[in-house]
Structures are given as C-alpha cells and as structure tokens.
Chemist: 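I'd like to ask you about the structure that follows.
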Amino acid sequence: MKKGLTFLLMLISLLSFSSVANAEETTQIPSNVTKNLKVASDSHKVFQSVQIKKEGDKRSIVIDDSRKDDGIPEYYEVTVDENNGTYKAIKRNSLVKSNNLISSQKSNILTPLSTYSYTAHVRAHTYDPVNIDCNWTELGESWSESSGSFSLNWRSLHTWDAKPTSLGTYWYYVWSHYNNDPLYYNSASAQHVNYNFGGGILGTTYAEHWIYISPESHGNYHWEAQLNTSGVAGNLLHIGVETY
C-alpha cells in the first residue's frame with residue numbers, strides 16, 4: 001500500500017511538472033535559441049555563466065566556472081526558472097566518498113612530472129523533478145606545470161546510475177568516451193537512459209553529460225559541465241555539479 005501511494009504521488013508530481021514545463025516551453029525559449037541566465041537573489045553560488053539551449057526536444061543546461069585545486073569539494077544543485085531567466089544553485093553535501101563507481105575508464109598518459117602537479121575532478125549529476133539524484137558522470141585530470149607549460153599525467157572517466165532511485169525508477173549507462181583533445185586539456189561525454197520514468201507511462205528519457213577541464217596557472221582550472229536531456233520527460237530534469 002505504501003509503495004503504491006508513493007508511486008501515485010510521484011506520478012501526479014511528474015504530470016504536474018510536465019504540464020507546467022510544456023506551457024513554459026512554448027512561451028519562454030524557442031527552439032534553436034541560447035539564453036544566458038542571471039543568478040537568482042537566493043542562490044548559494046554565482047557561476048561565471050549558466051546558459052540554457054533548446055533544439056527540437058533536446059534541452060541543454062551549460063555551467064561555466066573556474067576554481068583552484070585546494071582539495072575542498074564543492075557541490076551544487078542547479079535549477080532554472082525560464083519565466084524569470086534565472087538560475088539558483090543550492091549547496092549540497094559532497095557524496096564523493098559514498099558513491100560506488102558502476103562503470104569506469106582510465107587512461108594513463110606518460111609525461112615527465114615537473115615540480116608542480118595538480119588534480120581536478122568535475123562530476124555532473126542528473127536530478128529529477130523531486131530533487132532525487134538519478135545518475136552522474138565524472139571526469140578527472142592530473143596535470144603538471146612547468147614554466148607556464150602544462151602536461152597531462154592521467155585522466156579518468158566514471159559513471160553511476162541509480163538502480164533504482166528512492167522512487168523506484170531505473171537508469172542505465174549507455175555509452176561514454178573521451179573527446180579528441182590536445183594534451184593540456186580534457187573533455188568527455190556520457191549518456192544515460194531511463195525506460196520507466198513515471199512508471200513507464202511517459203516512455204524513454206535520455207540524459208547526456210559533457211564535461212570539460214582546462215588547466216590554468218598555479219593550480220587553477222577552468223571547467224564546464226553540460227546536461228543534455230531529451231525524450232518524453234527530458235524537460236523535467238535538472239543538473240547538479242560537484243568539483244574537487
């Protein structure tokens with residue numbers, strides 16, 4: 001009985017979000033348009049930029065920022081208000097040590113280590129309308145700096161999918177790969193799929209992450225995280241970003 005009630009509440013919530021999202025989509029951001037978002041007054045974090053893009057049934061949220069390799073995790077869940085053209089980043093507790101790596105790739109690149117060596121990890125999360133973590137993709141990179149030049153020591157790519165989430169929906173790994181980048185910066189992509197969003201009534205939904213890391217001087221790095229969603233419930237999903 002409890003499980004059935006939980007599912008019913010989830011379905012009502014999803015259908016309500018779908019109606020609102022579809023109504024906003026026709027009045028706010030037309031297809032093939034990119035919009036720069038302003039930070040909301042109650043946001044916990046201000047990024048260098050946050051953009052929303054739409055192309056057909058594909059919806060993308062792109063976050064751009066920089067930080068330093070100081071070993072301190074930063075984790076924010078980001079929601080978008082298309083009506084007001086704003087985003088809000090809410091701070092969350094880091095899950096770096098508690099998540100299990102379901103699938104992973106790692107590529108070691110043998111370059112001579114110089115005096116200064118640094119590491120960066122960027123993890124892009126997919127959240128559903130009731131703020132449940134559905135899946136994530138994480139790109140890691142270690143680089144060395146010598147006289148203003150950078151060399152890549154190693155890179156890593158990990159993914160995780162909820163099987164199931166706390167509301168009983170299952171996400172699955174589809175594919176992931178590194179992109180063909182020069183040796184001083186690094187990017188990668190991964191796709192996740194859900195066949196039973198809303199109990200299977202709404203159909204197939206895709207969530208794809210694209211992550212980019214570019215070293216800068218003195219242990220700083222620039223990063224981008226992008227969530228591309230498509231399918232029948234893609235416009236209901238939002239992004240979270242964790243860096244450490």
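Positions are given from 1, in the same order as the sequence printed here.
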Chemist: Only one of Val122, Leu152, Thr119 clears side chain to side chain contact (heavy atoms under 4.5 Å, CB included) with Glu141; which?
Modeler: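 Answer to the side chain to side chain contact (heavy atoms under 4.5 Å, CB included) test with Glu141 among Val122, Leu152, Thr119: Leu152.
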Chemist: Looking only at atom types and distance, does a side-chain atom of His44 sit under 3.5 Å from a main-chain N or O of Lys91, one as donor and one as acceptor?
Modeler: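 Checked: pair present.
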Chemist: How close do Ile239 and Ala225 get, counting heavy atoms only, and between which atoms?
Modeler: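 Nearest pair, atom of Ile239 first, then Ala225: CD1-O, 4.1 Å.
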Chemist: Any idea how Tyr173 and His192 line up, ring-wise: parallel (<30°), tilted (30 to 60°), or perpendicular (>60°)?
Modeler: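 Answer is perpendicular, since the angle exceeds 60°.
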Chemist: Treating Ile, Leu, Val, Met, Phe, Trp and Tyr as nodes and any side-chain heavy-atom pair under 4.5 angstrom as an edge, say whether Tyr212 and Ile63 lie in one connected cluster.
Modeler: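 Yes, because Tyr212 and Ile63 connect within a single hydrophobic cluster, where side-chain heavy atoms sit under 4.5 Å apart.
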Chemist: Checking Ile61 against Val80 for the side chain to side chain contact (heavy atoms under 4.5 Å, CB included) test, could you report, in this order, the C-alpha distance in whole Å, the side-chain angles of both residues, the deciding distance, and whether it holds?
Modeler: CA-CA 9 Å; Ile61 304 296; Val80 170; 3.7 Å; yes
Chemist: So which heavy atom on Pro215 is nearest to which on Ile213, and how close?
Modeler: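 Heavy atoms only, the tightest pair is CD-O, 4.1 Å.
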Chemist: When clusters are formed by joining ILVMFWY residues with side-chain heavy atoms under 4.5 Å apart, either directly or through shared neighbours, do Val50 and Ile90 land in the same one?
Modeler: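 No, Val50 and Ile90 fall in different hydrophobic clusters.
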Chemist: List the atom of Ser217, the atom of Glu145, and the distance in Å for their closest heavy-atom pair.
Modeler: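 Here Ser217 and Glu145 meet closest at CA-OE2, 3.6 Å.
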Chemist: On the 0 to 90° scale, with breaks at 30° and 60°, tag the Tyr195-Tyr172 ring pair as parallel, tilted or perpendicular.
Modeler: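 Tilted, since the angle between the ring planes falls between 30° and 60°.
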Chemist: Ignoring hydrogens, what is the shortest heavy-atom contact between Leu237 and Arg59? Give both atom names and the distance.
Modeler: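 Answer, listing the atom of Leu237 first, then Arg59: O-NH1, 3.5 Å.
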Chemist: Could you measure the distance from the CG atom of Asp161 to the SG atom of Cys134? Nearest 0.5 Å is fine.
Modeler: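 Between atom CG of Asp161 and atom SG of Cys134 there are 9.5 Å.
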Chemist: Can you tell me if Gln226 and His209 form a side-chain donor-acceptor pair at under 3.5 Å?
Modeler: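 His209 and Gln226 do not have a side-chain donor-acceptor pair below 3.5 Å.
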Chemist: Give a yes or no on whether a salt bridge exists between Asp42 and Lys88, defined as a side-chain N under 4.0 angstrom from a carboxylate O.
Modeler: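 The answer is yes: the pair qualifies as a salt bridge.
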Chemist: Specify whether Tyr221 and Trp143 have parallel, tilted or perpendicular ring planes, treating 30° as the upper limit for parallel and 60° as the lower limit for perpendicular.
Modeler: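 If you compare the ring of Tyr221 with that of Trp143, the planes turn out perpendicular.
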Chemist: Nearest 0.5 Å please: distance from the CG atom of Leu236 over to the CG atom of Asp128.
Modeler: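 Reported to 0.5 Å precision, the distance equals 9.0 Å.
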Chemist: What is the minimum heavy-atom distance between Asp133 and Thr165, and which atoms define it?
Modeler: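 That closest heavy-atom pairing would be O-CG2, 4.3 Å.
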Chemist: Are Val62 and Leu139 in one and the same hydrophobic cluster, where Ile, Leu, Val, Met, Phe, Trp and Tyr link if side-chain heavy atoms are under 4.5 Å apart?
Modeler: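 Each belongs to a different hydrophobic cluster.
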Chemist: Of all the heavy-atom pairs spanning Ser60 and Asn228, show the shortest one and how long it is.
Modeler: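 That would be OG-OD1, 2.6 Å.
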Chemist: Students often mix this up, so state it plainly: with edges at 30° and 60°, are the rings of Tyr87 and Phe47 parallel, tilted or perpendicular?
Modeler: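 Plane angle between 30° and 60°, so tilted.
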Chemist: Are Gln191 and Ser176 close enough that a side-chain donor and a side-chain acceptor fall under 3.5 Å?
Modeler: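 Looking only at side-chain atoms, Ser176 and Gln191 do not form any donor-acceptor pair under 3.5 Å.
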Chemist: So, applying side chain to side chain donor-acceptor pair (under 3.5 Å) with Arg67, which one of Asp70, Asp65, Asp69 is it?
Modeler: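 For Arg67, the side chain to side chain donor-acceptor pair (under 3.5 Å) test succeeds with only one of Asp70, Asp65, Asp69, which is Asp70.
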Chemist: For the pair Trp136 and Trp160, name the ring-plane relationship: parallel under 30°, tilted 30 to 60°, perpendicular over 60°.
Modeler: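 Judged by the thresholds at 30° and 60°, the geometry between Trp136 and Trp160 is parallel.
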Chemist: Using 0.5 Å steps for rounding, measure from the OH atom of Tyr75 to the OG atom of Ser94.
Modeler: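 Rounded to the nearest 0.5 Å, the OH-OG separation comes out at 8.0 Å.
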Chemist: Considering only NZ, NE, NH1 and NH2 on the basic side and carboxylate oxygens on the acidic side, decide whether Lys45 and Glu77 come within less than 4.0 Å.
Modeler: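 So Lys45 does not pair with Glu77 through a salt bridge.
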Chemist: With rounding to the nearest 0.5 angstrom, report the CD1 to NE2 distance, Ile132 to His125.
Modeler: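 Nearest 0.5 Å value for the CD1-NE2 distance: 14.5 Å.
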Chemist: Walk me through it: do His222 and Ser66 pass the test side-chain hydrogen bond (donor to acceptor under 3.5 Å, both in side chains)?
Modeler: CA-CA 4 Å; His222 178 82; Ser66 296; 3.2 Å; yes
Chemist: Out of curiosity, Asn135 CG to Tyr170 OH, how far, rounded to the nearest 0.5 Å?
Modeler: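 One finds 15.5 Å between CG of Asn135 and OH of Tyr170.
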Chemist: For the pair Lys68 and Glu216, find out whether any cationic side-chain nitrogen is under 4.0 Å from an anionic carboxylate oxygen.
Modeler: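 Salt bridge between Lys68 and Glu216, a charged N being under 4.0 Å from a carboxylate O: no.
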Chemist: Do any N or O atoms from the side chain of Asn84 and from the backbone of Thr86 form a donor-acceptor pair under 3.5 angstrom?
Modeler: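 Absent.
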Chemist: Is a donor from one side chain sitting under 3.5 angstrom from an acceptor on the other, for His238 and Thr79?
Modeler: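 The answer is no; no qualifying pair exists.
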Chemist: Can you measure from CD1 (Ile211) to OG1 (Thr243) and round to the nearest 0.5 angstrom?
Modeler: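 Those atoms lie 11.0 Å apart.
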Chemist: Can a donor-acceptor pair be found between the side chains of Ser144 and Asn153 at a distance below 3.5 Å?
Modeler: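 Yes.
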